[in-house]
Each structure stands twice: as C-alpha cells, then as structure tokens.
Amino acid sequence: MALPSSQLTDSLVKRLAGPSTGKAGLAKDQTEINRIIAEASKGSKFYENEKRKDQDLTQRISRILRIRDEVMKGADLGKIEKHADQLLVELEAERDLSQVIIHCDMDAFFANVELLHDPSLKGKPFAVGGGVISTASYEARAFGVRSGMSGFIAKKLCPGLILLKSHYDWYSEISNQVFDVLKRYDPTLCVAGCDEGYLNITPYLQQHNLTPDVCVQQIRQSVYEATNLTVSAGIAPNKMLAKICSDKNKPDGQYHLPFDSDAILDFMRDLPIRKIPGIGRVNERLLDSVGIKTCGDVYTHRATISLLDKQLGLRFLLRTYLGISSNVVRPYQREERKSIGAERTFSSIGDESLILQKLEDIAEELEKDMQENQWAGRTVTLKFKLDTYQVFTRAKSFPRWVTKKDDLFAAGKELIRPEFPLKIRLIGLRVTKLKDLKAAAASTGIKRFFEPVQLNSSSKKRRLDEPCGNEIIDISSVDDEQALDDEVMPGFHEFEEEETPLSQQDVEDDEPEALFNPPSEPVSRAKPASSTGIKPASKKRPRESSTPSSSILRHPSPIPSDPSNPEDSLASHTCPVCAKILVTNNQDLNAHIDFCLSKGAIREAQVEASARSPVKPTSSKGPSSKRSKPETYPPQTKLNWPKSKK
DNA sequence: GCGGATCAC
DNA sequence: TATGGTGATCCGC
C-alpha cells in the first residue's frame with residue numbers, strides 16, 4: 001500500500017485531495033487521508049487529467065521562476081522595495097475603517113437543513129450530494145469528507161457515511177427565510193450564494209445604539225429563531241476581512257476584528273494566503289513557488305512581486321497584505337448578469353446521434369430557463385468535456401437576439417459538428433451578450449418613467465430600449481439594429497455610492513461583483529503546450545506567439561526611482577532586467593523591459609525545449625494534435641487579479 | 001470576439 | 001464503482 005508514493009508528487013496528491021482542503025472541520029491526519037484519496041483515484045481518467053494539469057502548472061511555475069531569476073539579475077532590490085513601500089503608503093491612505101461590514105455564513109447549510117427534516121441523522125456522519133458531495137456534516141468532516149469530493153471517495157474515507165440526495169427546494173425556501181431576516185438589519189444585503197451574505201450594519205448600529213458584537217449576536221439569534229439553523233459571522237471593516245472572519249469561529253460563532261490598522265496588520269501577517277478569496281489552489285502554488293505562504297510573506301517578498309507584477313499582481317497582493325478591500329455592500333442587480341447556461345454530465349458517449357440528442361435536451365432546458373427569466377442573447381457558447389476530462393468551448397455570435405431552442409440547438413450543432421468524432425461526458429450551452437427582456441418590456445410602458453434606471457456597473461448605459469410596441473414577445477426576430485440600441489434614462493445616474501478616492505485614481509476596486517467582490521486573484525496561466533496534445537480539431541491552430549506582450553510593472557511609476565511621475569513624462573528609470581538607466585517615458589521603458597525579458601526568456605525556452613523531447617499523446621482522438629512547438633516563449637503565465645484599477 | 005483557465009459556492 | 005452545475009473574470013490572441 002505504500003507503493004503509490006513513487007510517482008505521486010506532493011502537489012498532485014494535494015490536488016487530488018480536492019479544492020476545499022484546508023477548510024473547517026479539519027480531520028486529524030490529512031496525510032493519511034490524502035494517501036487514501038490518491039490511492040482510490042489512481043489510474044482513472046480523472047486522475048490522469050489531474051496529473052496533466054499538475055504538470056502543466058509545474059511548467060508554468062518553471063517559466064515564472066526563470067523570468068524571476070532573469071529579472072532579478074542586476075536589479076536594484078533596495079530601490080524596488082522602496083518603491084513598493086511607497087505604494088504601500090498610498091494604499092494605506094485608502095483604508096476606510098468607517099463601515100461595519102458583516103459576513104454571515106450558514107453552518108453546513110445543506111446538511112443542517114437535512115437534519116431538520118430527519119433528526120435521527122444527528123451525530124452521524126452524513127453528506128448531501130450524489131456523485132459529488134455538496135456539504136458534509138461535521139461528523140463526516142472528521143473523516144476527511146469534504147465538499148467537492150466524489151461520493152465514492154468519501155465512502156472510502158468513511159465507510160459508514162450516509163449519502164443523502166439534495167433537496168434544493170428545501171434549501172431555497174430556508175435560504176429566503178434567512179435573507180429576509182438579514183434584510184431587517186441591512187436592506188442592501190448582498191447575497192453571495194444560497195448560504196451567505198454581506199451586510200453593512202453601520203446605519204443600523206447608529207439607529208439602535210448598539211455595538212457590533214451585540215448586534216451580530218442578535219442577528220444570529222434572529223436567524224436561529226426563524227430557521228432553527230445556526231450561522232457564523234465575521235465583523236470587520238471590509239468584505240474580504242469579514243468573510244475571512246466568519247470562518248474563524250465557525251460553527252455557530254462570530255469574530256470581531258479590531259477596527260485598527262495595526263491590529264489588522266497583525267491579523268494578516270500569519271494568515272495563509274490561501275484564505276484570501278480569489279486565491280485558489282493554483283494561485284496558492286504559484287505564490288508558494290516564490291516563497292509566499294502567508295499574507296505577511298507578501299511584504300517580505302515585495303521586491304520579487306514588484307518584478308513579477310504582471311504574473312503575480314503587485315497591487316492586489318499589497319492590498320491583501322494590508323487587509324484592504326471593498327466595503328461597498330449592495331444587492332445584486334439583475335442587469336449585472338452576463339450569461340445564462342445549462343450543462344449536463346452523463347456516462348461517456350461517442351455516438352453522434354446520441355450526442356446530438358443530449359445537445360437538443362440542453363437547448364430545450366436552456367430555452368426554458370431563458371424564457372422564464374426573460375433573457376435573450378447574441379452569443380452561444382458550446383462546452384464539452386471529453387471522456388479524458390479535458391474541457392473545450394466553441395462560440396458563435398449572431399447578429400440577432402437568440403431565445404429559441406431551435407436556434408440554440410442549431411448553433412450547438414454547427415459548433416460541434418467539426419469536432420467529431422468525439423467521446424464526451426458533458427455537454428453544455430451558454431448564452432452571453434445578454435439582453436434583458438424585462439427591462440425592454442418595462443421601458444415600453446409608462447411605468448418606465450417611475451422606475452430608476454440602473455446602469456451597468458461597468459460604466460455605461462443600461463438597457464431599456466424602446467422598440468417593440470409593447471410586447472415582450474419574441475424579440476428574436478426584431479431587427480437588431482434597433483433592438484441593440486439602448487437608451488439611457490435621463491435624470492438618473494446610478495453610480496453614486498463611490499467612496500471618495502482621496503488622491504488615488506482608483507477608487508473602488510472591486511465592488512461590482514455580485515457575490516463578494518473580488519474577481520481577483522493572481523495566478524497566471526500558461527497555456528500552451530499542455531503535456532497531452534490532443535484536442536478537438538478544427539479551427540485555430542496553435543499559432544505561435546512571438547511578441548512579448550507584457551510589461552512587467554503595470555503602474556505608471558513602478559520601480560523606477562522617481563516618485564512623481566505623471567503618465568508619460570520623461571523620467572529616469574532603471575531597467576529591472578539589465579539595470580541600465582534610461583531616460584524615457586513609461587511606454588518606452590516597458591518596451592525596453594519586454595525586450596530584455598524576451599531575450600532571456602527565449603534563451604531559456606530554447607534550452608528547455610531541447611532538453612525535453614517527448615510530448616506524449618494521450619491517446620484520444622483529437623484529430624490534429626498539434627504539439628508543434630511548445631512555447632515559443634514564456635510570457636504566458638500570469639496571475640490574474642482582480643481588476644484592481646481603473 | 002474566441003478559447004483556455006481559475007475560482008467561488 | 002461513475003469525480004457536479006452555474007456564473008464570472010482575466011489573459012492573450
């Protein structure tokens with residue numbers, strides 16, 4: 001039984017353990033649990049796919065480290081750190097401790113709802129979910145059973161595990177009850193999933209002359225009285241911190257982070273970076289590769305991060321280190337929605353007619369959903385997962401609004417046809433470039449004059465269009481020019497809530513998110529040359545990328561010396577790669593850095609390519625498997641963060 | 001606009 | 001022993 005260790009890397013073992021390792025309800029011996037999971041998975045197609053992804057990530061990390069080493073040569077680290085420190089001062093100035101933000105998170109939600117319906121489950125290890133576990137009871141978690149884990153793996157970890165089917169209607173109803181309670185404390189409640197939400201209780205505290213702790217006790221008590229379910233909560237000055245805090249005393253507890261800069265810094269210092277929303281397993285590994293395990297490590301490695309800004313996201317990480325994030329709490333707006341889709345997993349099938357049947361089913365399901373919720377869209381994206389677990393997407397845009405099953409099915413067929421032969425285990429359709437048919441209808445009647453218009457968070461216009469006499473029906477055939485034309489309601493602006501930016505241009509970072517906020521996260525991707533080169537055919541081939549593309553350091557005045565530098569004025573800069581001093585503007589500086597980087601990166605890539613030969617084709621039928629040239633050069637990697645600015 | 005990847009619940 | 005579904009974001013073409 002100890003034989004597996006030979007081929008398994010630590011990273012693969014950890015990856016196989018699932019995305020929610022390190023969550024609450026820790027089990028005793030994680031090592032033993034991971035071994036059992038790896039053992040049970042070994043040899044399966046799922047396992048092979050995870051292995052492939054793990055290897056790709058390993059390569060991506062290698063590229064980043066090579067870039068780092070190259071860039072560090074001759075770099076003036078002292079100067080770079082000084083610049084990072086300057087940025088920290090600027091970010092610190094943005095800190096806002098004036099709002100009391102609460103993150104409420106239901107404890108083992110699905111499992112506890114099941115418990116209400118069947119009290120005999122109390123004290124037993126059970127989990128909700130069929131093939132994949134949604135939620136495990138705390139007793140089951142002690143065995144290592146976690147959400148996202150396959151049911152049969154969970155059974156291996158806990159032979160006595162009771163697996164329950166999901167009852168979404170139950171969860172949904174109770175979920176609404178919970179939110180109704182929370183809204184009494186903050187009508188602008190921001191729902192983040194069916195079992196959690198953010199509140200800004202600042203006004204409530206003032207109106208009722210309460211302290212945050214007492215108020216949150218009352219909130220939790222109110223939820224319990226209404227549902228018989230416990231909820232944990234975090235009290236902090238912003239959403240990110242509140243979310244992290246809600247996990248601190250879970251279950252049935254609350255944690256109040258002091259509203260004090262130094263206390264927050266202390267709190268962040270030893271916090272595992274993985275706890276930050278947006279930093280998942282991949283980003284965790286990437287950051288770990290440069291020595292960052294905790295938020296405090298961000299400061300220690302600020303020079304490295306500065307040099308790898310493009311890959312790691314300097315600004316995001318510095319904000320994280322400081323414990324700064326958005327404190328804007330606002331309900332999800334319908335017009336923020338960007339896509340609607342449906343997908344289904346089934347036992348692998350290769351028969352074309354059967355696959356088309358599945359596609360038709362999905363098209364019908366999606367049409368129903370779009371109809372019920374009044375959405376139309378212009379882009380249809382087909383998604384399919386091979387029996388090897390590799391996922392692909394193919395998209396097509398239309399000049400008109402799509403709403404009907406026939407159109408969805410036709411688009412799907414057109415997109416999948418060139419991919420045959422195929423053996424797939426999942427198929428799905430998603431529609432984007434949405435048009436809100438409810439808004440379209442509303443804009444038609446007189447009532448439009450009484451309803452505030454909401455702008456799309458991003459910036460401009462909102463919908464509400466004029467056309468169509470008065471019915472909502474089938475706009476799919478309306479002339480697009482007209483249908484596409486939106487109209488802005490006069491007199492309403494919509495973007496008010498911003499906090500004042502102080503001197504920084506960047507005001508709010510993340511708030512537009514429906515869920516919490518941060519679309520952030522680092523990581524970077526490497527795309528290319530995956531170890532297994534198979535893939536569906538058609539379309540684009542691997543073209544080679546050649547231009548550098550990036551400039552490390554995205555800020556106007558990144559590392560260079562001068563603190564004051566407008567956007568494009570000339571200034572003296574030290575190239576972090578070759579250490580030359582250049583008098584130029586930022587654009588040219590970046591171009592220069594790209595040049596320096598590409599030289600080193602290409603050289604490294606060549607060395608690596610020659611040292612490595614085979615690209616193993618994992619069977620499977622992808623027609624033209626490319627494999628041609630692995631990477632021309634590395635700049636692929638990068639962590640995407642949130643949209644920090646702009 | 002497209003496709004791959006990551007993330008969260 | 002059968003490893004989910006929905007939605008979003010970001011990057012690099």
Problem - Nearest-angstrom distance from the residue atom CD of A/Gln311 to C1' of C/dG12 - result: 13 Å
Handout entry: Separation between NZ of A/Lys243 and OH of A/Tyr198, rounded to the nearest 0.5 Å
Key = 5.0 Å
Exercise for the section: Would you indicate which nucleotide in C/dT6, B/dA8, C/dC11 comes nearest to any side-chain atom of A/Lys310? Expected result: C/dC11
Exercise for the section: List in chain and number order the residues that pass salt bridge (charged side-chain N to carboxylate O under 4.0 Å, His left out) with A/Arg417, two or more places apart in sequence or in another chain; answer none if no residue qualifies. Expected result: none
Fill in the blank from the handout: Whole-Å distance, A/Phe110 CZ to C/dG5 C1', equals 11 Å
Practice task
Please state the C1' separation for the pair B/dC7 and C/dG4 - nearest whole angstrom.
Solution key: 15 Å
Exercise for the section: Applying side chain to side chain contact (heavy atoms under 4.5 Å, CB included), name anything that partners A/Asp369, two or more places apart in sequence or on another chain. Expected result: A/Ile340, A/Asn373
Exercise for the section: Sort and list the pairs that fulfil salt bridge (charged side-chain N to carboxylate O under 4.0 Å, His left out) and have at least one residue in residues 153-166 of chain A, not counting sequence neighbours. Expected result: none
Handout entry: A/Phe46 CZ to C/dG4 C1', straight-line distance once rounded to whole Å
Key = 11 Å
Practice task
Check salt bridge (charged side-chain N to carboxylate O under 4.0 Å, His left out) between A/Lys413 and all other residues, then give those that pass, not counting sequence neighbours.
Solution key: none
Completion exercise
The correct set of residues in residues 150-158 of chain A placing a heavy atom under 4.0 Å from DNA chain C is A/Ser150, A/Phe152, A/Ile153
Handout entry: Counterpart residues, salt bridge (charged side-chain N to carboxylate O under 4.0 Å, His left out), relative to A/Lys248 (two or more places apart)
Key = none
